[in-house]
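Working notes, structure below.
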Amino acid sequence: MSNPSIKVRFAPSPTGELHIGSARTALFNWLFTKHQDGKFFLRIEDTDPERSKEKYADQILESLSWLGLNWDQPIIYQSQRLDVYKDRVKTLTKAGVVYRCFCSRDVLQTAREAGNYQYPGTCRNLSEEAIKQRLNQGSSFTLRLKIPEGETNYTDLIYGNIRVDHKELDDFIIVRSDGSPTYNFVVVVDDHDMEISHVIRGEDHISNTPKQILIYQALDYTVPIFAHLPMILGPDIKRLSKRHGAPGVQNFKDDGYFPESLLNYLALLGWNPGTDKEVFSLDELVNEFDLSQVQKKGAVWDEKKLHWLSGQYVKKTSTDFLLESIRGIHPDWGKGSEISFLISVIELLKVRAKSLTEFITQSKYYFSDPESYDKAGLKKWWKNESTNERISTFLQDLDNLSNWRKEELEKSFKSFAESNQFGLGKIIMPVRMAVCGTPNGPSIFDILELIGKEICIRRITTALERLPN
RNA sequence: GGCCCGUUCGUCUAGUGGUUAGGACUCCAGGUUUUCAUCCUGGCAACAGGAGUUCGAUUCUCCUACGGGCUACCA
């Protein structure tokens, strides 16, 4: 049961990979439309041949797929609709709402630098004769929209009523001198042709909206409903950009985040459910999302919270799926080990790892002997030769242990500590350093059991030879 | 310069004409633990400023300040 009256679109320009800000826009569009069984369309805004690259378009699509923001076909490429735009220009020309402007870029630029920010309307009322003359001279020209007197207002679903006096608007260019159409024009044509009901996009488009509404009216199209989303900001409160560490979606995939946790975090950036709930599945987001709960002010990107959320997801995720996911980003992980062994490793690390990459970095010692030992750990737990004495004595107990199970190991550690009047940590921690190379990690008994007697004995023997120096 | 938008703990946010202004992340302290992490308990920390309306404003209005966006033959 789909709702034919709800159609939204996400319209990236392929001038770079999908970054976090755009992903948030895509997500809000997607949540909004899924919430009411509407359609979600994609449009690639590739009318700038200088900056648009096909590989970026593909990359954006890939990132969206990874995020799980599936779209309804077909994808519209603006570069394939040039004829359509030409046709609509004709319509506007016929209607007499556009005019040729022969002003050169330089002239306009100079005027702007002199403080005249608005186009002065130089060519607005050129006589037929003057136009003909310019054309005969072969002068190039742009096409500008003739903005009528008055004002335009619209109700933004997030910002409320927005009103702009036409005095503030230039007769802006809709067709460049090379014949290509500009953004503010094509966006209207496309949104109309795609029958978009709700235009949900970044706040940076608020000022463009009145111009676009004027085009809707000039073309006699129905004006859609607009909703503008606040910006995502960097720690310096400036709009988040590549400067702030290139927060592309791909990076988060590479860093081992689940798409769900990224999406969850993104949703919380500017939206809230009206309850204390913070951890959402995608379905829950769809159910609870509502544009009326979207903030007006920009939100600062906070990676720490993402990291925490990611940890929440990791904890809830099944071990099997974690294994699959880890191998998804690192196919060689645990190569040569039994699956059951890998499952055990993941289970031990599950409460510690907050992302898939952390499973990889924290699991080295399960697969290979430590090459070096954590310095701070040694300083605290393997100070001098007395540790060697203690551990080499204990090593014999371990060696004699016939049943290498964690329960037995624990008994052995405890009885050795007790009978020799050592604190338990004095034995556990040096052993941990010897076996793992790091003082941090899961229960030592779990680790020893899992890694197995032979290897553990070997590592402890090696450590006794190499330490304390 | 002009126009538009915004302003609650460091960050994400809830909230009401009268609240001890709530939650989450971070940070700190304590507990649990062999370590780390988890978990539990507690703590620090905010209504930008000024007028006005009102018995009473964080909440409503105006002004100021600050911040952001737009002002392209980019999208």
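Per chain, numbering begins at 1; letters A, B, ... match sequence-line order. Below, all heavy atoms of this structure are taken into account, side chains as well, without hydrogens, waters or symmetry copies. Just so you know, these numbers come straight off a predicted model, no measurement behind them.
- Nucleotide B:C3 holds its P atom 20 Å from the OH atom of A:Y159, rounded to whole Å.
- For the pair A:R239 and B:C70, the criterion of a side-chain N or O lying under 4.0 Å from OP1 or OP2 is met.
- For B:G1, the base is stacked against the aromatic ring of A:Y117, per a cut-off of 5.5 Å between centres and 30° between planes.
- The base of B:U34 is paired with the side chain of A:S443 by a donor and an acceptor separated by under 3.5 Å.
- Taking atom CZ of residue A:R112 and atom P of nucleotide B:C70, one finds them 15 Å apart after rounding to whole Å.
- Counting non-hydrogen atoms of other residues, nucleotides and ligands closer than 6.0 Å to NZ of A:K316 gives a total above 12.
- B:C3 atom C1' lies 16 Å from atom CZ of A:F172, rounded to whole Å.
- Under the 6.0 Å distance and 45° angle rule, A:R24 counts as a cation-pi partner of A:F28.
- In this structure, CD of A:E113 is placed 17 Å from P of B:G1, rounded to the nearest angstrom.
- Under 4.0 Å is where a charged nitrogen must lie from a carboxylate oxygen, and between A:K350 and A:E347 no such pair does.
- Using Watson-Crick or G-U wobble geometry with both donor-acceptor distances under 3.5 Å, B:U35 finds no partner in any strand shown.
- Going from atom CG of A:N272 over to atom P of B:C25 covers 16 Å, rounded to whole Å.
- Of the side-chain N and O atoms in A:T275, none sit less than 4.0 angstrom from OP1 or OP2 of B:A14.
- Between A:Q295 and B:A14 there is a side-chain polar atom (N or O) within less than 4.0 angstrom of OP1 or OP2.
- Searching all strands for a Watson-Crick or G-U wobble partner of B:A24 with both distances below 3.5 Å returns B:U11.
- For B:A75, there is no paired nucleotide, since no Watson-Crick or G-U wobble pair has both relevant distances below 3.5 Å.
- In terms of polar N and O atoms assigned as donor or acceptor, the side chain of A:R432 comes within less than 3.5 Å of the base of B:U34 in a complementary pairing.
- In this structure, A:D204 places its CG atom 7 Å from C1' of B:G69, rounding to the nearest Å.
- Considering only the side chain of A:K354, B:A37 comes nearest among B:G68, B:A37, B:C39.
- At a cut-off of 3.5 angstrom, counting only N and O atoms as typed in the model, there is a donor on one side and an acceptor on the other between the side-chain of A:S177 and the base of B:C73.
- For the OP1/OP2 pair of B:C70 and a distance below 4.0 Å, the side-chain nitrogens and oxygens of A:N208 include no atom meeting the criterion.
- A:I44 is listed as a side-chain neighbour of A:L61, based on a closest heavy-atom distance under 4.5 Å.
- Note: NZ (A:K297) to C1' (B:U8) measures 7 Å, nearest angstrom.
- The side chain of A:W308 lies closest to B:C25, out of B:C25, B:U11, B:U34.
- A:R239 has a carboxylate O that lies under 4.0 Å from a charged side-chain N of A:D204, or vice versa, which qualifies the two as a salt bridge.
- Taking the charged nitrogens against the carboxylate oxygens, A:R43 and A:D193 have no contact shorter than 4.0 Å, which rules out a salt bridge.
- If you check B:C62 for Watson-Crick or wobble pairing at under 3.5 angstrom, you find it paired to B:G50.
- Listed pair A:K304 / B:C12 fails the phosphate criterion, with no side-chain N or O lying under 4.0 Å from OP1 or OP2.
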